[in-house]
Amino acid sequence: MSTHQEMFHTAWNSVFRRDTQVWKTLLLLALIGLIPIVGEIVILGFIAEWACSLAWGQNTAFAQPIKFVHHLKLGFRVAVLYLLFTIAWMLFSTYVLSFFNDIPFFNIISYALASVVSSIFTLCILRAAIYQNISAAWNFVFIKDMITRENNEFPLYLVTRFLVELIGCIVVAAVALLMMLPGFGAVAEVVTLYLSAASHGGQHIATALISGGIFSLLGKLLVALIITAYVVLIFANVVQALSMGVAAVWMSQFNVSTWGNKNASLPDDVASYNALSNYAATAPAPEGAPAAEAAPTAGPAPEAAQPKDTASEPPAQQ
C-alpha cells in the first residue's frame with residue numbers, strides 16, 4: 001500500500017471507527033453548525049483537537065464528546081488563523097498573481113498553487129493548535145524543515161489532500177443539489193403564479209400570489225433550505241476532518257511528542273519514526289479476532305487534547 005493511501009486510510013478509519021457511533025457526533029456537529037459563526041468555530045475546535053491527537057501518533061476516535069465552550073476557545077485560535085491566511089492569500093492573488101493572467105492555463109496553475117499554499121497553511125494551523133499558541137503558526141522555518149526532510153514524501157501529502165478536497169467538494173455539491181430539488185419546486189410554483197398573474201395585469205399580482213399560498217410556498221422553501229444546510233454540513237464536516245486528518249498523519253512522522261518549545265528546531269532523530277505502525281497496532285480488532293498487542297504510545301496526551309484556558313506550551317524536549 002502506498003503512503004498516500006495509508007495517510008488517507010488512517011484519517012478515514014479514525015473518523016469512521018467501527019467501535020464508535022460516529023454518526024451521532026456528525027449529526028450533533030451539523031446541528032451546532034447551524035448556529036451562525038459560533039457554530040463553525042466550535043466545529044473547527046473539535047476537528048483541530050482530534051487532528052492534534054493524530055499528529056501525536058495516537059489512534060483517537062473522531063467520535064468524542066463535544067464540549068461547546070471548550071471547543072469554542074480552541075476553535076477561536078484556528079478561526080483567527082484561517083481568517084489571516086485567507087486574507088493573505090487574497091491579497092497575494094489580487095496584487096501579485098494578477099500580473100500573470102495572460103499565461104496559458106493560468107487558472108489551472110493558480111488553483112494548483114492555492115492547493116499547495118492551503119496544505120502548508122494547514123500544517124501551520126496544526127502546529128498552533130498543538131502548542132495552543134497562535135504565534136507558533138508563524139515559525140515558517142520549522143515548517144520548511146519538515147517539508148525539506150528527506151523521504152518525508154511531502155508531494156504525496158499534497159496530492160492526497162488535493163484529492164480529498166476535490167472529491168469532497170464534488171460530493172458536497174451533489175448532495176446540496178439533490179437536497180434542493182424540493183426547494184426548486186417551491187420556487188417554480190412562485191414564479192408560475194407570478195407570471196400567470198402578470199399576464200392579467202400588474203394589479204392582480206399581489207392578490208394572485210396571496211390566494212395561491214405564497215406564504216405557504218415560502219415556508220416550504222425555508223424548510224428545504226434549513227434541511228439542505230443541515231445535510232450539507234454533515235458531509236462538509238467529514239471532508240474538513242479528512243483534510244486536516246491527512247495533514248496530521250503526515251506531520252506525525254516527525255514524532256511530535258519529542259518536540260520542545262514552540263521556538264525549538266525540529267529534532268534530528270525523528271526521520272525513522274513511523275506513527276502509522278502505532279495507528280495499526282492500537283486500532284480496534286474486528287469482532288471475534290484476538291486483540292493486537294498495543295504498540296508503545298508516542299508519549300503523554302498532547303496539550304491540545306487537554307487545552308487550558310490560557311495558552312501553554314508542550315513540555316520541554318525529552
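Atom CG of L44 sits about 13.0 Å away from atom CZ of R77, to the nearest 0.5 Å. Separating the CG atom in L233 from the CG atom in L27 is a distance of 11.5 Å, to the nearest 0.5 Å. Put simply, CD1 on I147 and CG on L123 are 6.0 Å apart, with the number rounded to the nearest 0.5 Å. Within the model, atoms CD1 of I41 and CG of L72 stand 6.0 Å from one another, a figure rounded to the nearest 0.5 Å. Here N237 contributes atom CG and I47 contributes atom CD1; the two are 5.5 Å apart, rounded to the nearest 0.5 Å. Distance check: M244 CE to I125 CD1 gives 5.5 Å after rounding to the nearest 0.5 Å.
For W138 (side chain) and C124 (main-chain N/O), no donor-acceptor pair under 3.5 Å exists by modelled atom type. Judged purely by atom type and a 3.5 angstrom limit, R127 uses its side chain to pair as donor or acceptor with the backbone of K262. Formation of a donor-acceptor pair under 3.5 Å by the S14 side chain with backbone atoms of T10 is not found in this model. Formation of a donor-acceptor pair under 3.5 Å by the S118 side chain with backbone atoms of A114 is not found in this model.
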Kindly determine whether I234 and W23 satisfy side chain to side chain contact (heavy atoms under 4.5 Å, CB included), including the steps that lead there. CA-CA 9 Å; I234 295 174; W23 60 272; over 6 Å; no
Before you tell me yes or no, could you show the steps for V246 and W250 under side chain to side chain contact (heavy atoms under 4.5 Å, CB included), namely the whole-Å CA-CA distance, both residues' side-chain angles and the distance that decides it to 0.1 Å? CA-CA 6 Å; V246 166; W250 178 83; 5.7 Å; no
Verdict with reasoning, W89 to L113, per side chain to side chain contact (heavy atoms under 4.5 Å, CB included): CA-CA 10 Å; W89 173 252; L113 180 60; 3.9 Å; yes
Begin from the C-alpha positions of L34 and L31 and carry the test side chain to side chain contact (heavy atoms under 4.5 Å, CB included) through to its verdict. CA-CA 5 Å; L34 293 177; L31 187 61; 4.2 Å; yes
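Within the 4.5 Å cutoff, the side chain of Q240 has heavy atoms near those of the I43 side chain. Side chains of Y111 and V116 form no contact here, defined as non-hydrogen atoms less than 4.5 Å apart. Two residues are said to be in side-chain contact when any heavy atoms from C-beta on lie closer than 4.5 Å; V42 and I35 fail this criterion. Contact of the F254 side chain with the D145 side chain is not registered, since no non-hydrogen atoms from C-beta on lie closer than 4.5 Å. Counting heavy atoms from C-beta outward, W259 and F142 have side chains that approach closer than 4.5 Å. Contact of the H70 side chain with the E49 side chain is registered, since non-hydrogen atoms from C-beta on lie closer than 4.5 Å. With a 4.5 Å cut-off on side-chain heavy atoms, F92 and V117 do not count as touching.
Classification of the F46-H71 ring pair by plane angle, with boundaries at 30° and 60°, yields perpendicular. Ring planes of F85 and F121: parallel class, angle under 30° (limits at 30 and 60°). In this pair, Y157 and F154 present their aromatic rings tilted. The plane angle is within the 30 to 60° band.
Minimum interatomic distance between T228 and A176 (heavy atoms only, all atoms of both residues): CG2-O, 4.0 Å. Across all non-hydrogen atoms, the minimal contact from W50 to A11 is CZ2-O, 4.0 Å. Shortest non-hydrogen contact noted between G168 and V239 is CA-CG2, 3.5 Å. What you find for A63 and T25 is that their closest heavy atoms are CA-OG1, 3.4 Å. Residues L81 and A128 come closest through the heavy atom pair CD1-CB, 3.5 Å. Of all non-hydrogen atoms in T122 and A247, the two that sit nearest each other are CG2-CB, 3.7 Å.
Note that R17 lies outside the cation-pi zone of F62, set by a 6.0 Å cut-off to the ring centre and a 45° limit from the axis.
No continuous path of hydrophobic side-chain contacts links M90 to L83 [ILVMFWY only; heavy atoms under 4.5 Å]. Hydrophobic clustering keeps I120 apart from V141 (ILVMFWY residues linked when any side-chain heavy atoms are closer than 4.5 Å, directly or through intermediates).
The 12-atom threshold is exceeded at CG of L91, counting heavy atoms of other residues, nucleotides or ligands nearer than 6.0 Å. Enclosure of atom CZ in F76 is not indicated, since only 12 or fewer non-hydrogen atoms of other residues, nucleotides or ligands lie within 6.0 angstrom.
The closest side-chain donor-acceptor pair between S115 and R161, if any, does not fall under 3.5 angstrom.
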